[in-house]
S.K.: 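The structure's right below; bear with me while I get my questions together.
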Amino acid sequence: MNWFTKTFTSTIGRKVIVALTGLFLCLFLVVHLLGNLQLLANDGGKSFNTYAKFMAESPLIRVVSIGNFAFILLHIIQSVILTMQNRQARPVQYAIVASNASWASRNMGFLGSFILLFIVGHLSQFWWQAKFGAMPTIAIDGVQMKDLYLVVHKAFQNPFIVVFYVLAMGFIGFHLSHGFQSAFQTLGLNHVKYTPLIQKLGLAFCILIPLGYAVIPVMMYLRSM
Amino acid sequence: MNLTLKVWRQKNANSKGELKTYHVKDISPDMSFLEMFDVLNEELLLKGEDPIAFDHDCREGICGMCSMYINGHPHGPEQTTTCQLHMRSFKDGDTIVVEPWRAKAFPVVKDLVVDRSAFDRIIQAGGYISVNTGNAPDANEIPISKEVADAAFNAATCIGCGACVAACKNASAMLFVSAKVAQLSMLPQGQIERKRRVEQMVAKMDEEGFGACTNTGACAAECPKEISLANIAILNREYLIAKATSEYV
Ligand code: HEM
Ligand code: SF4
Ligand code: FES
């Protein structure tokens, strides 16, 4: 192995990959939320559909979205390898464990697995549908385009789907309650001046972002009642 | 105090162990936890039974030998070593479960004794500085600022007890390794081997089968010397910089 592969197959190296991809995904969450909030615009889907069309056609967004998929995959692969290594490091378990670490920090693998389940469900429901499925169309300002708004609107009339979405956002919130600030520690940033700020930012992030997402299905459900 | 103890008994590294129940009577609250074990062992000897093997040496909180995992905490309910833990931290009638450190890299030798030589091998891999021997150099010959001296000294108080590994859900040795790397990387004497040291100590740590850090903080909460998590960030930083810039391919 050369120095590069040695670095990124070491425990610290793998952790750094998890941290960098995790932070990128955090950035993605912000951008994705800002776009999706247009679903609540109450304009029959005009702004959301126009936005979705722009996203689907922009070559830049295409590159970013391929990167995004790759990063999710990398995040999962590395964290699965690390979780397996960590299990092997303690072959015989304790009879009694009284950990004083936060619940989220001890259950990142479980939280992540549920998020993965959500991502698969979410993609097959909307992304796959928009890309390869038979889509209803709508004319906005004389331009014919896919009516993704209608697909979302219909999906969120089902209370089970709404509950699933809200629950998944709770899991992302817990994942990030540990993950956000943990990533900075992994990257070597721990400083009396910045760490308190990072921790506050992480707390705000892990509450506000999932809350912002959860509001969308709940509001759309309530409006359709 | 009268107590019920459930203690891990294991004949040797290859045999299967189990928790065995013992009762101890008339224990003084001012005894240390190890003295309570001495009382129990004398009783076992009188009965002709095999006494419980456990590690200890200084009994004053500086050697790090007294590894016992007590009621789910390394070194028991207080943030100190087992030899400095007193029976007044327990209540009359309590049941106390005592297990050895559990980690693949710390195999059980007998009962509560584990082999911690993996730590020694990590130190051998890079936890040293090279100096010419001869007369002791003058004190204060090399100027070091108070802040750096304090931070390096805090890291240097690690006694290599392994409670961090025992407490971590991943049996990670990052707090121990970070204390050693941080201490030496801060001081002028540690600069010569700075990059080599962190690369080799981390490689050895991985090779010995310790887990990866997930920043849960369980280690620092249990460390008897209050080694700070900030050292782990320093270790991560030192490692990445060394890997990116050292001459070793
Ligand atoms: C919305 C998607 C996700 C985001 C924004 C995200 C974010 C993060 C962040 C920031 C970290 C911290 C990295 C560090 O501690 O250095 C992390 C760690 C982790 N993630 Fe994710 N993640 C996501 C999805 C997933 C998925 C799908 C899985 C698994 C199937 C997963 C499993 C893990 C695991 C096991 C860790 C390591 C925990 C640790 O080191 O404490 N994550 N994630
Ligand atoms: S870091 Fe603390 S818990 Fe770990 S070996 Fe050193 S003194 Fe013991
Ligand atoms: S016996 Fe030396 S620290 Fe406890």
Side-chain angles (χ1 to χ4, degrees), chain A residues 1-20 78-79 81-109 112 178-192 194-195 198, chain B residues 6 8 17 19 69-73 77 97 99-106 108 165-174 198-199 202-203 205-206 208-219 221-222 228-244 246 248-249:
Chain A
M1 281 197 285
N2 69 14
W3 68 273
F4 190 80
T5 43
K6 257 190 225 159
T7 305
F8 289 105
T9 52
S10 71
T11 47
I12 295 182
R14 289 192 197 279
K15 280 280 303 179
V16 165
I17 296 176
V18 175
L20 287 175
Q78 296 300 339
S79 54
I81 292 174
L82 282 171
T83 306
M84 280 179 355
Q85 278 181 356
N86 292 345
R87 294 237 169 106
Q88 282 162 8
R90 175 161 296 137
V92 183
Q93 298 299 315
Y94 289 113
I96 295 189
V97 181
S99 183
N100 31 31
S102 74
W103 182 83
S105 75
R106 285 181 281 126
N107 292 284
M108 291 296 274
H178 176 66
F180 188 88
Q181 42 116 357
S182 170
F184 291 91
Q185 168 85 353
T186 301
L187 296 174
L189 195 105
N190 185 322
H191 193 281
V192 280
Y194 308 112
T195 301
I198 290 169
Chain B
K6 290 187 176 168
W8 186 260
L19 285 171
Y69 193 84
I70 303 161
N71 282 350
H73 294 281
V97 180
E99 302 173 74
W101 282 181
R102 297 271 186 220
K104 189 170 118 203
F106 287 166
V108 173
V165 175
C168 175
K169 77 174 179 58
N170 312 322
S172 169
M174 285 283 278
V198 64
E199 290 188 83
V202 169
M205 171 184 89
D206 287 353
E208 293 287 348
F210 293 103
C213 177
T214 52
N215 303 325
T216 69
C219 52
E222 299 284 8
S228 143
L229 285 181
N231 289 302
I232 295 185
I234 295 177
L235 171 60
N236 291 334
R237 195 156 74 218
E238 289 285 322
Y239 182 75
L240 291 175
I241 293 172
K243 278 295 177 191
S246 77
Y248 314 107
V249 181

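Just so we're clear, the structure is a prediction, and the values are computed from it rather than from any experiment. Per chain, numbering begins at 1; letters A, B, ... match sequence-line order.
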S.K.: Can you tell me how far apart OG1 (A:Thr186) and CG (B:Asn215) are? Round to the nearest 0.5 Å.
M.R.: 4.0 Å
S.K.: What class does the angle between the rings of A:Tyr94 and B:Tyr69 fall in, given that below 30° is parallel, 30 to 60° is tilted and above 60° is perpendicular?
M.R.: parallel
S.K.: Which region of B:Ile241, side chain (C-beta onward) or backbone (N, CA, C, O), has a non-hydrogen atom less than 4.5 Å from a non-hydrogen atom of chain A, or is it both or neither?
M.R.: neither
S.K.: Between A:Gln93 and chain B, which part of the residue has a heavy atom less than 4.5 Å away: side chain, backbone, both or neither?
M.R.: backbone
S.K.: Quick check for you: among A:Asn86, A:Ile12, A:Thr11, which has the greatest number of heavy-atom pairs under 4.5 Å with chain B?
M.R.: A:Asn86
S.K.: Checking A:Asn190 now: which residues fulfil side chain to side chain contact (heavy atoms under 4.5 Å, CB included) with it, not counting sequence neighbours?
M.R.: A:Gln185, A:Thr195, B:Ala230, B:Ala233
S.K.: Between B:Ala166 and chain A, which part of the residue has a heavy atom less than 4.5 Å away: side chain, backbone, both or neither?
M.R.: both
S.K.: In terms of heavy-atom proximity below 4.5 Å to chain A, should B:Ile232 be classed as side chain, backbone, both, or neither?
M.R.: both
S.K.: With respect to chain A, which residue among B:Val202, B:Val108, B:Leu229 yields the maximal number of heavy-atom pairs within a distance under 4.5 Å?
M.R.: B:Leu229
S.K.: With sequence neighbours left out, write down each residue that passes side chain to side chain contact (heavy atoms under 4.5 Å, CB included) with A:Ile81, or none if nothing qualifies.
M.R.: A:Arg14, A:Ile77, A:Gln78, A:Gln85
S.K.: Which of the residues B:Met205, B:Lys243, B:Glu199 is involved in the greatest number of heavy-atom pairs with chain A at under 4.5 angstrom?
M.R.: B:Lys243
S.K.: Without swapping roles, check the side chain of B:His73 against the backbone of A:Asn100 for a donor-acceptor pair under 3.5 Å.
M.R.: no
S.K.: At a heavy-atom distance under 4.5 Å, which candidate from A:Ser102, A:Gly13, A:Ser10 has the highest pair count against chain B?
M.R.: A:Ser10
S.K.: Chain A heavy atoms under 4.5 Å from B:Cys168: which part of the residue, side chain, backbone, both or neither?
M.R.: backbone
S.K.: How about CZ on B:Arg237, more than 12 heavy atoms from neighbouring residues, nucleotides or ligands closer than 6.0 Å, or not?
M.R.: yes
S.K.: With a 4.5 angstrom heavy-atom cut-off, could you sort out which part of B:Tyr239 is near chain A: side chain, backbone, both or neither?
M.R.: side chain
S.K.: Output, in order, the C-alpha distance, side-chain angles, deciding distance and verdict of side chain to side chain contact (heavy atoms under 4.5 Å, CB included) for B:Trp8 and B:Arg102.
M.R.: CA-CA 11 Å; B:Trp8 186 260; B:Arg102 297 271 186 220; 3.1 Å; yes
S.K.: Establish, from distance only, whether the side-chain atoms of B:Ser228 and B:Asn231 form a donor-acceptor pair under 3.5 Å.
M.R.: no
S.K.: With a 4.5 angstrom heavy-atom cut-off, could you sort out which part of A:Asn2 is near chain B: side chain, backbone, both or neither?
M.R.: neither
